[in-house]
Amino acid sequence: MSSAIRAVEQPEWWKRHAIYQIYPLSFQDSDGDGIGDLAGLATRVDYLAWLGVHAVWLSPVYRSPMLDFGYDISDYTDIDPVFGSLDQFDQLLEALHRRDIRLILDVVPNHTSDRHAWFRESRSSRHNPKRDWYVWSDPRPDGGPPNNWLSRFGGSAWEWDPQTGQYYYHAFLREQPDLNWHNPQVRAAFADVLRFWLKRGVDGFRIDASAVLAEDPLLRDDPPNPEFDDKMPPPEKFRRVFTDARPETMRYLEEMRAVVDEFPDRVVLGEVQGGTGRIGQFYAGERPRFHLPLNFLLLDTQWDAASLSGGIDQYLNAVPEGAWPVWILGSHDKPRIASLVGEDRVRLAAMLLFTLPGTPILFAGDEIGTPNLDMSGREPRDPFEKRVPGYGLNRDKSRSPMRWNAEPGAGFTQGIPWLPVGDGLDEHNVAKQRDDEHSLLSLYRRLIALRQSDPALLEGSYEPMRCQDEVLMFRRCHKARQLFVALNLAGEEREVRQEISGTILVSTHLDRCEAIVAGFHLRPGEGIVLAVAEQGQ
Ligand code: NOJ
């Protein structure tokens, strides 16, 4: 079966361990300015170790004007003062490594900030040696932009530069000009950026907007999107055939991977939006690309048993033979899982994340059930919402500060947090849930530990079963070890009739560990992982 995961002798660290994404602006403030920083993060390393985290993905901390909250970089080899300094970065890295926690840095090769020295030079004159480091083009004869390409953040993707009489291309904000990846000097400069951090000891990268590095050199118009209607955000009007997943992009990803492979034991994650169908090509072509092209299925699917079961199969079938799957349950770009599936099913979501085959990625705050931040009546911070308003795109909702306790400021800051802390603070905070052996946080901790230590979860095959009345079921098998997972997505109790006996290893409610002989009940929103008894036992 193509969805079976081949057993490997010694899985690499990025297969063995869950990855915990930290949005640094919102994790821990140390100086009272209401913005998270590296010194603050360093004080939470013990928490990460307690939770059982062995790999962190850190969203950008480079120098940035912060128009896209760090994804607009003005210096790739320095830390923004709002976060601290390079010295503090080195200290943090050392502290993490001391606790056996790896660090994966987010890098943004597709675009820089318009305040990056490269762009300042490039826009200074048509004859500047760095002119061709960005994507410049003459206007159409009528003076309009070169073609119909649209920015994901609204309007034309072309910005007029009156001083030099040309347009430059930006896939995102006009303040985020795209680098010209066809230019070998750009690729060499970026390879040096990667080496700069690899030599400092980082354990890998998450490559931002990885599918859109290269643009069609002919600058052909994008075709209309046949699915487009007025209810969809205007940037979706055309299909991005000529800027997305171009063959040259794949070659450039291979080059980046080769740079990372100069250093042992590192990992490359890649942001791949646009559905699971195209995931396969991001693993490898003739040469390796990503170890882990990110998979957003669990955030993009409907949460019913058939949609999940079907989506999981489709995704696993799209993962090439021998490649390793990966699952994301939250991110700084998507709504919070607790709000997406509802509080009554949030434990099921956690259990699914850690029992599917492949590397689980969780987003800081999801382990305490942080809900979406309600921004109604407030001025949005997110530039996406500001420029494409009214389509529910505001990403502020998932970026609220981490809640460490129930005090004002949530233990995140002594000052005024840059985004409100949000609702449900009394319930959803680390201090409260840490001492409660039945809390969601305790469930996460248990699942993290279980997945790390159980060979069937870590590297066993995935064997789907027929869903029964909204109960999603599958097995994970490794040699004689067999686990049976059942997740009740229905809003009411369900009887699971299966000729299976064994012992409950963990239940979503952390209150059952009984032996089961043929059949059992699941409460609404309850799931279990059962160690199936070997025959004759
Ligand atoms: C993807 C990042 O995840 C998102 O936050 C950002 O706005 C865009 N890339 C543009 O850099």
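As the structure is a prediction and not an experimental result, all values here were calculated from the model. Counting starts at 1 for both ligands and their atoms, in listed order.
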field: Audit row: F263, W197, ring pair (Phe, Tyr, Trp, His ring centres under 6.0 Å) steps and yes/no
entry: CA-CA 11 Å; F263 298 75; W197 294 103; over 10 Å; no
- request: Run the numbers on F119 and S74 for side-chain contact (heavy atoms from CB on, under 4.5 Å), then give the verdict.
  value: CA-CA 9 Å; F119 188 68; S74 54; over 6 Å; no
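The contact set between ligand 1 and D68, taken as ligand atoms under 4.0 Å from a residue heavy atom, comprises 6 (C), 7 (O), 8 (C), 10 (C), 11 (O). Distances below 4.0 Å separate heavy atoms of R395 from the following atoms of ligand 1: 4 (C), 5 (O), 6 (C), 7 (O).
For R399, the closest heavy-atom approach to ligand 1 falls below 4.0 Å. Between K334 and ligand 1 there is no heavy-atom distance shorter than 4.0 Å. At least one heavy atom of F153 sits less than 4.0 Å from an atom of ligand 1.
Here R206 has side-chain heavy atoms under 4.0 Å from ligand 1, and that is the only part of it that gets that close.
Under the 4.0 Å criterion applied to side-chain N and carboxylate O atoms, E215 and R246 are not assigned as salt-bridge partners.
Using a distance-only test at 3.5 Å, with no hydrogens or angles considered, no donor-acceptor pair links the side chain of R336 to the main chain of P371. A distance-only check finds a donor-acceptor pair linking the side chain of D222 to the backbone of F242 [under 3.5 Å]. Within the 3.5 Å criterion, the main-chain N or O of P420 finds no donor-acceptor partner in the side chain of S400.
Of the candidates R126, R123, R174, R123 is the only one forming a salt bridge (Lys or Arg N to Asp or Glu O under 4.0 Å) with D161.
Among protein heavy atoms, the minimum distance from atom 11 (O) of ligand 1 is reached at H111 NE2, 2.9 Å. Ranking the protein heavy atoms by distance from atom 1 (C) of ligand 1 puts D208 OD1, 2.7 Å first. Of the protein's non-hydrogen atoms, D333 OD1, 2.8 Å is the one closest to atom 5 (O) of ligand 1.
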